[in-house]
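Residue numbers begin at 1 in each chain, while the letters A, B, ... track the order of the sequences.
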2 protein chains.
Amino acid sequence: MRASDRAYATLHSDIINWRLTPGTVLGEVELSERLGVSRTPIREALAKLTAEGLAEPQSGRGMVVSKISLDHLDELFELRSALECRAAELAAKRGEPEIFSALHRQLANAGELITEEDPTRADYYQLAADLDVAVDAAVANHYLAQALKNLRVHLVRVRRLGKDNPARLRDAAREHAAIALAISNGNPAVASAATTVHLDNSLRHLLSTAA
Amino acid sequence: MRASDRAYATLHSDIINWRLTPGTVLGEVELSERLGVSRTPIREALAKLTAEGLAEPQSGRGMVVSKISLDHLDELFELRSALECRAAELAAKRGEPEIFSALHRQLANAGELITEEDPTRADYYQLAADLDVAVDAAVANHYLAQALKNLRVHLVRVRRLGKDNPARLRDAAREHAAIALAISNGNPAVASAATTVHLDNSLRHLLSTAA
DNA sequence: ATCTCTATTTATGTATACACAAAGGCATGG
DNA sequence: CCATGCCTTTGTGTATACATAAATAGAGAT
């Protein structure tokens with residue numbers, strides 16, 4: 001594996017998981033010493049992160065971990081809505097009903113996954129990710145999938161802005177279940193509408209509970 | 001200006017304008033000699049182009065100018081539809097009516113711009129670009145604008161796949177005029193529908209005339 | 001005390017040298 | 001004549017040295 005890939009993967013994960021918080025300075029020398037590689041692969045990694053929107057050039061010199069402001073959360077969700085609603089529509093047209101009815105069943109029971117034992121909600125988020133993967137596969141559109149992938153990077157970061165709220169997560173699971181059901185029923189309009197509803201609820205919840 | 005930026009701008013323009021055709025090998029040494037800079041800024045430029053989708057890694061070693069296949073044109077237009085329909089909706093909600101009614105007037109008369117004297121159709125495409133800019137400004141959404149910017153890079157390349165057809169261009173101008181009108185009227189549903197119609201016509205024209 | 005100009009320092013931008021891996025050619029054996 | 005293995009060659013991946021621009025700190029003047 002290339003050193004630049006390792007550096008990228010490390011930094012990517014560190015930013016996504018808030019080990020590197022927004023605004024942190026990403027100095028090339030410091031990173032090269034910390035990760036044990038030279039500046040060249042570090043620069044390559046930073047270029048990738050910049051293209052992804054996880055790092056951004058500071059005024060004048062240097063790079064910082066990109067800021068996440070609540071001010072622009074509505075903009076992020078507008079793009080999300082455009083992409084996910086269309087994706088849900090296309091999945092409803094093209095997907096295998098069995099796959100999504102199976103996901104529907106799992107999501108309908110996902111409330112049980114949200115327990116005190118799993119404070120990171122890993123099981124729930126894994127199930128939500130499974131739905132995303134199934135939608136991507138059903139849509140079978142490389143360009144749309146790429147746009148969604150770029151978007152999800154930011155969504156994962158944003159998740160931490162909201163307080164953990166089991167009740168909201170159980171609602172979200174039900175909303176996901178509704179989306180999966182509409183797709184399995186081959187109903188594009190309902191799939192899109194259910195997605196719109198889910199995103200609106202998510203955004204409002206985030207904005208109301210964010211620190 | 002940084003050497004890496006110049007190298008990027010040069011390569012970007014060369015690929016967009018088909019001076020570098022899809023599949024062309026992008027060797028670092030060759031490019032560094034041709035552009036008169038060392039390999040380091042060349043690598044930086046290639047990384048940017050890769051992120052943009054204009055260059056892609058070849059199997060094993062090296063990079064090539066990314067391929068454009070008609071097979072995936074429908075996928076590209078699905079993404080385009082998702083983004084532009086939503087953008088048109090939001091512009092209809094938020095835009096200044098005067099700006100778009102002015103664009104409507106210009107586009108309604110754009111047929112006159114398509115003459116024998118301008119084989120590149122620069123005037124027409126400039127007007128279409130003006131509409132894009134106005135929509136972006138009205139939408140005022142950084143994330144959506146960025147996604148559209150990434151997309152348009154590919155659309156410019158794709159344009160050359162179709163034969164030049166003055167009749168189709170005049171139709172396209174009318175379709176653009178319809179979009180501008182709906183936006184100036186503050187009617188999101190019609191703006192979105194007009195965009196859908198326009199994109200469908202564009203795609204079908206491309207697929208029917210492509211070499 | 002504050003402002004400004006300068007000098008120093010530090011980090012980035014670029015060039016280049018070296019290491020290594022993959023592609024291609026050549027020779028040898030079947 | 002074809003296949004296989006080795007060797008050469010070429011180009012990428014990484015490290016590092018050097019150049020340059022920006023930030024900072026300090027000294028001097030107002």
Checklist entry - Would A/Arg34 and A/Glu30 count as a salt bridge (Lys or Arg N to Asp or Glu O under 4.0 Å) if you check the C-alpha gap in whole Å, the side-chain angles of each, and the deciding distance to 0.1 Å? => result CA-CA 6 Å; A/Arg34 185 157 69 82; A/Glu30 179 225 321; 3.8 Å; yes
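Between A/Thr40 and D/dT14, a side-chain N or O to OP1/OP2 separation shorter than 4.0 Å is absent. Distances shown here put every side-chain N or O of B/Ser38 at or beyond 4.0 Å from the OP1 or OP2 atom of C/dT14. Checking the phosphate oxygens (OP1, OP2) of C/dT14, a side-chain nitrogen or oxygen of B/Ser4 falls inside 4.0 Å. Residue A/Arg2 places at least one side-chain N or O closer than 4.0 Å to OP1 or OP2 of D/dG13. Listed pair B/Arg39 / C/dT14 fails the phosphate criterion, with no side-chain N or O lying under 4.0 Å from OP1 or OP2.
Put simply, CD on B/Gln58 is 12 Å from P on D/dG11, counting in whole angstrom units. Between B/Glu28 atom CD and C/dA15 atom P there is a gap of 14 Å when expressed in whole angstrom units. Between A/Glu33 atom CD and C/dT10 atom C1' there is a gap of 12 Å when expressed in whole angstrom units. Per the geometry, CE belonging to B/Met63 stands 13 Å off C1' belonging to D/dG13, to the nearest Å. In this structure, A/Glu44 atom CD and D/dT12 atom C1' are separated by 10 Å, rounded to whole Å. One interatomic measurement links the two molecules: CG of A/Leu46 to P of C/dA11, which rounds to 14 Å at whole-angstrom precision. Rounded to whole Å, the distance from CD on A/Glu30 to P on C/dA11 is 9 Å. One atom, CZ of A/Arg61, and another, C1' of C/dT10, lie 6 Å apart when rounded to the nearest Å.
Cation-pi check for B/Arg204 over B/Phe77 is not met; the charged atom does not lie both under 6.0 angstrom from the ring centroid and within 45 degrees of its normal.
Here A/Ser59 lies in heavy-atom contact (under 4.0 Å) with sugar-phosphate atoms only.
Side-chain contact of B/Arg80 with B/Ser202: a donor-acceptor pair under 3.5 Å is absent, judged by distance alone. Using modelled atom types, one finds no donor on one side chain facing an acceptor on the other under 3.5 Å when comparing B/Ser192 with B/Thr195.
Listed nucleotides C/dA11, D/dT14, C/dT14 differ in distance to B/Arg43; the shortest reach to its side chain belongs to D/dT14. When distances run from any side-chain atom of A/Ala3 to the nucleotides D/dT14, C/dA15, D/dT12, the shortest one goes to D/dT14.
The six-membered or imidazole ring of A/His142 lies away from that of B/His72, with a centre-to-centre distance of 6.0 Å or more.
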